[in-house]
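What follows is one structure encoded as structure tokens, with my remarks underneath.
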Amino acid sequence: GEYERHEAQLFSENQGHFCLFSIAFSPSSTHMIGGANDNRLYYYNLERKRTELTPLGHKDDINTVAFMDGSGGGNLVCTGSDDALILVWDLRAPKRAAGVLPGHARGLTCIAPRDDGVYIVSNGKDDVTKLWDTRRMMDATPRAIKELSITDAPDYRMGFAIPTAPASTDVSVATFRGAAITRTLIRCDWSPMHSTGQRYVFSGSADGSPRIFDTLTLEQVKLPAHDNIVRDVVWHPYEPYLMTASWDGTLGVFHFDKDVAALATQAEEYKEEDEEPVRLHYPHMLDDDDDDDDDEDGDEDSVYEEEEDDDDDDDDDDDDEFEDEDEDDEDEEEDEEGQTWEELERAAKADDAAKRGMEEREDRAPKPKAKRARR
């Protein structure tokens with residue numbers, strides 16, 4: 001009968017020391033890409049069973065590859081190498097990379113695009129997870145790649161942290177610290193669009209505790225899961241579950257709404273000392289009916305401006321919990337120049353008494369006291 005047959009796909013004619021460190025299917029499943037130890041990107045046609053492109057750009061091994069436009073034509077590709085660089089390729093013009101993203105101080109272990117052709121998250125052997133915007137990439141000329149490459153880093157497989165100086169040029173939009181990226185090619189990825197809007201990124205860790213990072217607040221949650229290296233983490237595309245795989249021979253399962261939410265109360269912010277917190281713009285997470293949410297909850301200044309307008313129109317505003325000290329001082333000065341609140345209350349009571357007397361004289365019968373509208 002029919003059976004599934006596994007065929008070897010020959011990416012390279014090189015019969016010597018050749019290996020692929022990472023492979024990925026195209027969105028159409030007709031092609032594959034691979035990153036190899038000869039510093040080349042391989043573009044393989046599964047239907048014709050042959051390698052069609054082998055562009056060269058990196059100065060060291062390519063550890064990780066990915067298609068950037070997950071639902072597109074599969075023309076945009078990104079690669080991460082031991083030369084500490086991310087290269088972005090357009091396979092329609094493969095002679096050289098379309099752009100370069102410098103910022104890691106050591107080699108890349110994983111890159112994960114957000115499937116929109118813009119944002120990328122990466123893990124590096126410098127023990128950091130970085131967030132990238134491809135609109136900030138630099139021109140990938142051979143001279144630029146040569147100057148930005150870092151190829152003399154020590155072997156991170158020794159398993160201990162080695163002090164690393166920051167890269168001289170960094171075009172990333174956010175840097176997350178906490179996950180230990182050592183010993184092996186530890187993976188990172190985005191949370192699913194269906195349940196989280198891809199707000200979070202997550203990473204394995206050599207200390208046995210994978211991390212979840214919030215791209216809006218830059219906070220992180222540490223998941224105490226294992227006694228050994230967690231190389232990979234997966235997030236269910238529709239259900240709120242995460243699963244971790246560790247070198248201790250076990251799998252960990254976490255419920256995002258329960259386990260992670262409880263741990264989030266102890267989250268700490270990991271930010272660069274000289275770097276402002278980065279807030280990314282996610283249109284699919286915004287409320288179309290409320291323009292004030294376009295900048296993620298709005299600016300505090302706009303809240304105070306609205307309250308000042310309310311105070312000018314209504315001196316009897318009861319919403320004091322949102323007023324700042326400056327507004328209180330201005331209200332007190334206005335009261336001193338005019339009438340005090342006690343005088344206003346006495347005048348209001350006198351008006352009410354006069355009104356009730358007129359009603360009694362006219363109707364000769366008590367009338368229900370009208371409720372005074374709050375000013």
Side-chain angles (χ1 to χ4, degrees), residues 4-14 18-58 60-83 85-101 107-123 131-135 137 140 145 185-194 198 201-202 231-238 284:
E4 184 178 359
R5 184 173 58 182
H6 299 274
E7 294 182 356
Q9 308 294 327
L10 186 62
F11 273 66
S12 174
E13 298 292 342
N14 183 5
F18 175 82
C19 67
L20 295 172
F21 290 114
S22 178
I23 57 175
F25 281 99
S26 66
S28 62
S29 298
T30 59
H31 292 77
M32 290 180 65
I33 55 174
N37 64 334
D38 60 359
N39 310 345
R40 291 183 178 273
L41 169 67
Y42 286 80
Y43 183 63
Y44 187 82
N45 191 318
L46 290 170
E47 296 176 346
R48 297 182 179 181
K49 301 185 184 304
R50 69 181 185 185
T51 299
E52 296 181 338
L53 300 172
T54 59
L56 177 63
H58 286 287
D60 210 331
D61 299 347
I62 298 179
N63 295 326
T64 174
V65 297
F67 283 92
M68 294 189 59
D69 46 349
S71 59
N75 294 314
L76 295 180
V77 172
C78 56
T79 57
S81 168
D82 272 335
D83 61 10
L85 299 179
I86 297 175
L87 294 184
V88 178
W89 305 82
D90 187 339
L91 297 178
R92 294 165 294 188
K95 289 186 177 181
R96 70 180 180 93
V100 57
L101 295 169
L108 278 292
T109 68
C110 182
I111 51 176
R114 196 170 173 263
D115 294 339
D116 57 4
V118 178
Y119 295 110
I120 301 173
V121 63
S122 67
N123 272 354
L131 195 62
W132 310 85
D133 186 335
T134 56
R135 292 168 294 191
M137 65 185 181
I145 294 176
L185 300 179
I186 292 177
R187 304 302 185 186
C188 59
D189 207 346
W190 294 83
S191 62
M193 175 66 74
H194 176 79
Q198 289 192 306
V201 296
F202 54 92
R231 191 177 192 272
D232 203 359
V233 183
V234 293
W235 197 317
H236 196 283
Y238 302 108
H284 64 276

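For clarity, every value in this text was computed on a predicted model and none was experimentally measured.
The shortest distance between side-chain heavy atoms of V121 and I111 does not fall below 4.5 Å. Side chains of I23 and I33 form no contact here, defined as non-hydrogen atoms less than 4.5 Å apart. Looking at R135 and V118, their side chains come closer than 4.5 Å, going by heavy atoms from C-beta outward. Side-chain contact check for I86 versus S122: some heavy-atom pair is nearer than 4.5 Å. The closest side-chain heavy-atom distance from F25 to L46 is below 4.5 Å. Between L91 and V77, some side-chain heavy-atom pair lies under the 4.5 Å cut-off. Side-chain contact between W89 and P55 is present, with heavy atoms from C-beta onward closer than 4.5 Å. Within the 4.5 Å cutoff, no side-chain heavy atoms of Y119 are placed close to those of Q198.
Although no hydrogens or angles enter the test, the distance criterion places a donor-acceptor pair under 3.5 Å between the side chain of D38 and the main chain of R40. Remark: side-chain polar atoms of T51 are not paired, donor with acceptor, to backbone N or O of L53 under 3.5 angstrom. Checked by atom type and distance alone, the side chain of N37 pairs as donor or acceptor with a backbone atom of C19 at under 3.5 Å. Looking only at distances, a side-chain donor or acceptor of T134 sits under 3.5 Å from a matching main-chain atom of G117. Between the side chain of S26 and the backbone N or O of M32 there is no donor-acceptor pair closer than 3.5 Å.
Taking F18 as the reference, Y42 meet the ring-ring contact (aromatic ring centres under 6.0 Å, His included) condition, with sequence neighbours excluded. For R92, the salt bridge (charged side-chain N to carboxylate O under 4.0 Å, His left out) criterion is met by D90, not counting sequence neighbours. Qualifying ring-ring contact (aromatic ring centres under 6.0 Å, His included) partners for F21, counting only residues two or more places apart in sequence or in other chains: none.
For the residue pair Y44/E52, the side-chain donor-acceptor check at 3.5 Å is not satisfied. Counted by atom type alone, D83 and H58 present one or more donor-acceptor pairs between their side chains at under 3.5 Å. If you check the side chains of N39 and D60, you find no donor sitting under 3.5 Å from an acceptor.
Of all non-hydrogen atoms in F67 and A24, the two that sit nearest each other are CE1-O, 3.6 Å. Scanning both residues, R187 and T109, for their nearest heavy atoms gives NH1-O, 3.0 Å. Considering all non-hydrogen atoms of both residues, M68 and C78 come closest at CG-SG, 3.7 Å. Of all the heavy atoms in G34 and F11, the pair that sits closest is N-CE2, 4.3 Å. Of all heavy-atom pairs between I62 and L41, the closest is CD1-N, 3.8 Å. For the pair A112 and C188, the tightest heavy-atom approach, listed with the atom from each and the gap, is CB-O, 3.6 Å.
Using cut-offs of 30° and 60° for the angle between ring planes, the Y43 and H31 rings count as parallel.
The environment of CG in L20 is crowded: more than 12 heavy-atom neighbours from other residues, nucleotides or ligands sit within 6.0 Å.
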Q: Output, in order, the C-alpha distance, side-chain angles, deciding distance and verdict of side chain to side chain contact (heavy atoms under 4.5 Å, CB included) for D189 and V201.
A: CA-CA 6 Å; D189 207 346; V201 296; over 6 Å; no
